[in-house]
Amino acid sequence: MTEQSRLADRESVIQVKKMNKWYGDFHVLTDIDLDVKQGERIVICGPSGSGKSTLIRCLNRLEEHQEGDITVNGIELGDNVKNIEVIRKDVCMVFQHFNLFPHLTVLDNLTLAPMFVLKQPKREAEATAMKFLERVKIAEQANKYPGQLSGGQQQRVAIARSLCMNPKVMLFDEPTSALDPEMIKEVLDVMIELAQEGMTMLCVTHEMGFAKQVADRVIFMDAGQIVEENEPHEFFNNPQNDRTKLFLSQILGH
Amino acid sequence: MTTVANQRVQPVSGTTASRSWRWMRENLFSSPFNTIITLFCIFVIWNILEVILSWAVINASFGASKEACEVAAGACWAYVHAMYRFLLFGTYPAAEHWRPVIAMIMLTSGMLLSMNRRFWSPWLAVAWIVGFIAVYFVLAGGILGLTPVRTSQWGGLTLTLVLAVVGIAFAAPLALLLALGRRSEMPLIKVICIVVIEVFRGVPLISVLFMASVMFPLFLPTGVSIDVLLRAQIGIIIFQAAYLAEVFRGGMQAIPKGQYEAADSLGLNYWQKTFKIILPQALRLVIPPTMSTFISLFKDTSLVVIIGLFDLLAATRAAVNDPAWRQEFIEAYVFIAIIYFCFCFFMSRYSNYLDNDLKKSTSH
């Protein structure tokens, strides 16, 4: 389709080859192969415990993988601390529980990393921060503390905090799972807007509406393996694997 | 304050007297049983107060003369009056007593200024180091025409304050390093920190001081000697740092994993993550036990008496044994108990204030 051709000649931002990971004896991820093109929007879904969060957490080294290669922007992700630091500047993550810094104001949450990691002057970092706070429609809360905001507002601040690093890739780890239902939409709207602007996104989520609307590719994982991947129309209407069918019937059935 | 609080609870009516009468009726005499308890408590409190008052005030002698004391049945405050310089300055040469006064003013005002959050910056550490050097020269002399005074002549409250303030100022950063080291992933650093913490927590302060005073010189080459006050001070610092390190470590462990992950995912390096994200939150959590450690450090300085240093408590004990006076030990001990209490109570109140102040600024 047109979406696929849009990405055909793009460069790969993330390449994962034959990646394996164990927790002790437990084989969490098995032979993961993944190629993420620049500007590609990928939604990863699967039953809980299938390793989808672990997979994206390996991509910025919050988790170590034991076998296989991960390359981000052509840089090998391994034990080399310098490489990890370089990659983390480009790959930002939005967490299920927001993980804002509670002792800092919203504005300071946004400017901290740009000032200390990217060495931006304070004035510039604050200007950028206000720009992104306006984009997530929360600029008036800049001087409040995270504890004074609602869950949806906190998650939008967390997204803005990532954007301030001007990342090449954004990882979303179940960004709406900890939110009250009425707040999910405000966060999804921000994510949809980001997707439409061409941000490279990997998103672990159960929001299938979001997947249908913006994903270039949906990946289904089960028991630590990528079971099936396809563009959303095919994925939802014509799933191939039995496990995928079962999963889709469970989450779309009601 | 109470009237304001009362006004909020109930509408204003009547005079202060009638309102307090109503308060008493509602809270102290609301039932026969409560009335009995109230009367019993008044009886007990009155008996205790009477003993204290008759000793400290009614039967006490306030004159400066020793003779008046001989006849007075109660406290002899002339004794404290005669001895207070000795309690404050120990054996410091009498003509130079203005110097320990200046030193104490510098130390306490330094503490007071440091309590204000507005002054919290790296410059504060620099100011403290400069301040300590200044205090040292004020007391030790030898420059600017000041008469040299050996550290063995420092004493009384002056010595207690020096030991406590220097102890707190150096124990805290050392404790921080030990706590970070113990959580480090580098095996050598981790082992060293665990050994230091466990060894110093595992022995009494008295034995640390004793080793610093008696054993330590045996390891030095002949001709080299380190001042006994300095040795005791280092002993106190390491001992309290070992305790404090575990307090700090506990605080760091209480910080959720997500905070570390958020800092990591933003590309902050170890030191940025530690000093900007983890420690500000961890130290906030452990303000009460930290202050507790400081308070016990303050009181534990009195143990230096066993290695011949002459702190506030040791000076008091010496003063009590002065044969020129009858055995007036209670007055002297009451006097220094008040001094100790003022410092410790103040630290405790400050801890509460800081705790609430920081909470207020970040909560709902």
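First the proteins, then the strands, lettered A, B, ... as listed; each starts at 1.
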My understanding is that only residues two or more places apart in sequence, or in another chain, count here; which of them pass side-chain contact (heavy atoms from CB on, under 4.5 Å) with A:Ala195?
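Checked A:Ala195 against side-chain contact (heavy atoms from CB on, under 4.5 Å); matches are A:Arg41, A:Met201, A:Val214.
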Using only atom types and a distance under 3.5 Å, with no angle test, would you say the side chain of A:Asn99 pairs donor to acceptor with the backbone of B:Gln259?
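Checked: no pair found.
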Would one find more than 12 heavy atoms of other residues, nucleotides or ligands at under 6.0 Å from atom [atom1] of [X]?
X: A:Glu140; atom1: CD; value: yes
X: B:Phe345; atom1: CZ; value: no
X: B:Trp120; atom1: CH2; value: yes
X: B:Glu185; atom1: CD; value: no

Quick check for you: to the nearest 0.5 Å, what is the distance between [X] atom [atom1] and [Y] atom [atom2]?
X: B:Ser265; Y: A:Leu59; atom1: OG; atom2: CG; answer: 12.5 Å
X: B:Lys276; Y: A:Phe101; atom1: NZ; atom2: CZ; answer: 12.0 Å
X: A:Leu112; Y: B:Gln272; atom1: CG; atom2: CD; answer: 8.0 Å

Proximal to chain B - members of [range], heavy-atom separation under 4.5 Å:
range: residues 115-130 of chain A; value: A:Phe116, A:Val117, A:Lys119
range: residues 77-98 of chain A; value: A:Glu85, A:Arg88, A:Val91, A:Cys92, A:Met93, A:Phe95
range: residues 151-160 of chain A; value: none

Compare every heavy atom of B:Ile277 with every heavy atom of A:His103, then report the nearest pair and how far apart it is.
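A:His103 and B:Ile277 have their closest heavy atoms at CE1-O, 3.6 Å.
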Checking A:Arg57 against chain B: side chain, backbone, both or neither under 4.5 Å from a heavy atom?
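Answer is side chain: those atoms of A:Arg57 sit under 4.5 Å from chain B.
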